[in-house]
Every structure is written in C-alpha cells, then in structure tokens.
Amino acid sequence: TRAVDLGAAARALVAPLGPIARDPISAIGASDPRILSAYDATSQSVPFSAREVAEIAYDHPSATVHAGLRATTDVVRKSFDAEGVVHFAGHTRLPSDRDARGGSLGGRWVTADGEIGVRELRTTAMRARLAVLSTCTPEPEMDERRVTSVRAGVPAFAYALHAVGVPNVVSATTEVRDVPAAVLMKRFHRAAQHRDVARALRDAQQLVRRFHPHPAWWAPFVVSVGG
C-alpha cells in the first residue's frame with residue numbers, strides 16, 4: 001500500500017475527470033450469496049443491483065455487464081486491472097471493530113462466489129481511472145457503537161482505492177439503501193456522458209432531489225480524488 005499522492009489529488013481538483021462516454025465500463029451487479037441462493041441457478045436477475053447495471057448498459061451500450069451469478073471475485077479483480085470505469089452495485093462488508101484496529105484496508109465487496117477486498121486488488125495493475133461504489137451494508141441490527149463504526153468505515157473504501165492507485169472514486173459518505181442508490185446512479189451515468197464526473201454527480205443529485213426531497217435519496221454520494 002502506498003500513501004495517497006496529494007499532488008495528484010490537487011491536479012485532479014484543478015482538472016476534474018471529464019465525461020466518460022468513451023471509457024470502457026465494467027458494470028458489476030452483485031448481491032449477497034444468501035439472496036442469490038433464492039434464485040434459479042441459471043438466473044441472472046437479482047433485484048436492484050442487476051437492474052442498476054442494466055440501466056447503465058442502456059445508456060452505455062458498450063458497457064460490459066456482470067450481474068447475478070456472473071458477478072464474481074475474479075470479475076472484480078479483472079475489472080480494476082482494465083482501463084476505464086468500474087461500477088460496483090451490491091453489498092459490502094465493512095471491517096469489524098477488531099479488523100479496524102488491525103489496520104484493515106477499507107472493507108470487502110460481497111460477490112456471487114465470496115468476498116474480495118482492496119488488499120486483494122493490490123496484485124493488479126489498477127488501471128481503472130474511476131470507481132463508482134453504489135453499495136449498501138446489510139447489517140439490519142446494529143447498536144449505536146456499530147452504527148458509528150459503519151459510518152466511519154464507508155468512506156474508507158474510497159481512501160483505500162486511492163491508496164492502491166485508483167485516482168477517482170464516486171462513493172457514499174454513509175450507509176445507503178439499494179433503491180435510492182440505483183435511482184441516483186442511473187441519472188449520474190446519463191449525465192456523465194457529456195459532463196465531467198463531479199458536475200454529473202451534482203446534476204444527478206439536483207434532479208433526483210426534485211422528486212425525492214429526502215437527503216437519503218441524493219445526498220450521500222461524493223466524488224473523491226487521489227491516487
């Protein structure tokens with residue numbers, strides 16, 4: 001792991017990542033294997049996460065979609081190894097309090113065949129120039145201390161990706177739910193075809209806010225730069 005390059009971050013702020021219309025996109029729609037097991041073994045239909053990446057492919061026909069049982073740990077690894085954009089929609093497992101004390105790097109994405117964390121990505125070339133993390137944390141029962149820990153851990157994904165070389169990340173600053181995330185991400189990817197990433201996110205948030213004023217629908221996501 002290397003420290004975040006503050007110089008690169010400053011340059012990215014001055015010259016933000018432009019439109020992504022020509023970037024190859026790997027859209028990964030994963031879900032907890034316990035949810036996948038409720039479907040037929042050949043089914044690729046997983047609510048919300050699969051629908052989210054399908055909407056991305058509608059606006060970006062050249063996007064490669066990996067949904068349901070195809071959203072594997074190997075797909076995640078290879079996606080970050082390729083140039084372009086990685087969009088991950090699904091569940092995450094944030095570090096436990098013990099993991100955090102042990103210096104865990106970010107958390108772990110839940111895939112169709114297990115889990116993968118940022119540490120496992122360090123063996124790749126990390127050529128992706130933008131990661132979009134549209135993820136939720138399926139922990140229905142948390143005490144107040146764990147809620148605080150989760151809220152601190154969600155942004156750690158972005159910092160961890162910067163630390164291993166991903167220069168631009170769109171992610172949440174707190175836990176989010178899958179339906180609001182899917183609605184916002186559809187608008188974001190549509191706007192990002194013609195606008196720089198930061199402006200596209202801002203425009204998507206303003207549009208969603210018109211129809212869903214509650215901040216849970218539009219406020220959690222931010223753009224961070226580093227790497």
Side-chain angles (χ1 to χ4, degrees), residues 5 8-9 11-12 15-31 44-46 48-90 92 106 109-113 116-118 120-135 157-158 160-172 181-204 221-227:
D5 186 337
R11 290 190 293 274
L17 180 63
I20 59 175
R22 297 183 179 180
D23 283 74
I25 298 176
S26 178
I28 305 167
S31 191
Q44 302 302 318
S45 178
V46 181
F48 306 122
S49 59
R51 177 65 180 272
E52 181 175 329
V53 296
E55 291 291 342
I56 293 172
Y58 179 82
D59 287 318
H60 299 266
S62 61
T64 303
V65 173
H66 310 276
L69 300 179
R70 296 177 181 173
T72 63
T73 55
D74 190 53
V75 162
V76 173
R77 187 179 293 106
K78 289 180 178 178
S79 296
F80 278 99
D81 193 38
E83 294 182 0
V85 178
V86 180
H87 181 106
F88 184 92
T92 57
W109 294 284
V110 179
T111 65
D113 61 346
I116 185 170
V118 177
E120 288 95 318
L121 296 177
R122 289 185 300 174
T123 59
T124 71
M126 299 303 286
R127 288 192 288 261
R129 70 180 191 134
L130 171 65
V132 182
L133 307 181
S134 177
T135 60
F157 269 105
L161 284 171
H162 292 322
V164 296
V166 180
N168 303 274
V169 179
V170 173
S171 63
V183 171
L184 181 65
M185 287 297 111
K186 175 181 178 179
R187 302 299 181 183
F188 164 71
H189 275 277
R190 183 166 296 175
Q193 292 189 74
H194 310 292
R195 301 177 179 90
D196 68 67
V197 167
R199 182 180 174 188
L201 179 60
R202 182 175 65 250
D203 289 353
F221 286 92
V222 298
V223 179
S224 62
V225 293

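One is the number of the first residue; the rest follow in order along the sequence.
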Test side chain to side chain contact (heavy atoms under 4.5 Å, CB included), reference K78, set V75, D74, V76, output is D74
Whether N168 side chain and V223 backbone form a donor-acceptor pair below 3.5 Å: no
For P167 and G165, the nearest pair of non-hydrogen atoms, with its separation, is CD-O, 3.3 Å
Here the pair of heavy atoms bringing S79 nearest to I28 is OG-CD1, 3.7 Å
Note: Q193 and P19 closest approach over all heavy atoms is O-CB, 3.4 Å
* Does R77 pair with D81 as a salt bridge, N-O distance under 4.0 Å? -> no
Distance col, row D203:CG vs D196:CG, nearest 0.5 angstrom, shows 9.0 Å
*Sub-4.5 Å side-chain heavy-atom contact between F221 and M185*: yes
dist H194:NE2 -> R199:CZ (nearest 0.5 Å) comes out at 11.5 Å
Those residues at least two apart in sequence (or on a different chain) that pass ring pair (Phe, Tyr, Trp, His ring centres under 6.0 Å) with F80 are W109
Rounded to the nearest 0.5 angstrom, the CD-NZ distance for E52 and K186 is 11.5 Å
Distance col, row H60:NE2 vs R190:CZ, nearest 0.5 angstrom, shows 9.5 Å
In terms of heavy-atom contacts, A57 and V65 come closest through CB-CG2, 3.6 Å
Minimal heavy-atom distance between A71 and G29, with the atoms involved, is CB-O, 3.7 Å
Interatomic distance, CG@D59 vs CZ@F188, rounded to 0.5 Å, equals 12.0 Å
OG1 of T111 to NE2 of H66, rounded to nearest 0.5 Å, is 12.5 Å
Those residues at least two apart in sequence (or on a different chain) that pass side-chain hydrogen bond (donor to acceptor under 3.5 Å, both in side chains) with H189 are H87
I'd like to check V169 versus H162 (side-chain heavy atoms, cut-off strictly below 4.5 Å). Are they in contact?
yes
> So, do L121 and L161 sit near enough that their side-chain heavy atoms are less than 4.5 Å apart?
Replying inline: yes
| Considering only heavy atoms from C-beta outward, does the side chain of V170 approach that of V197 to under 4.5 Å? | yes
V53 and A89 have their tightest heavy-atom pair at CG1-CB, 4.4 Å
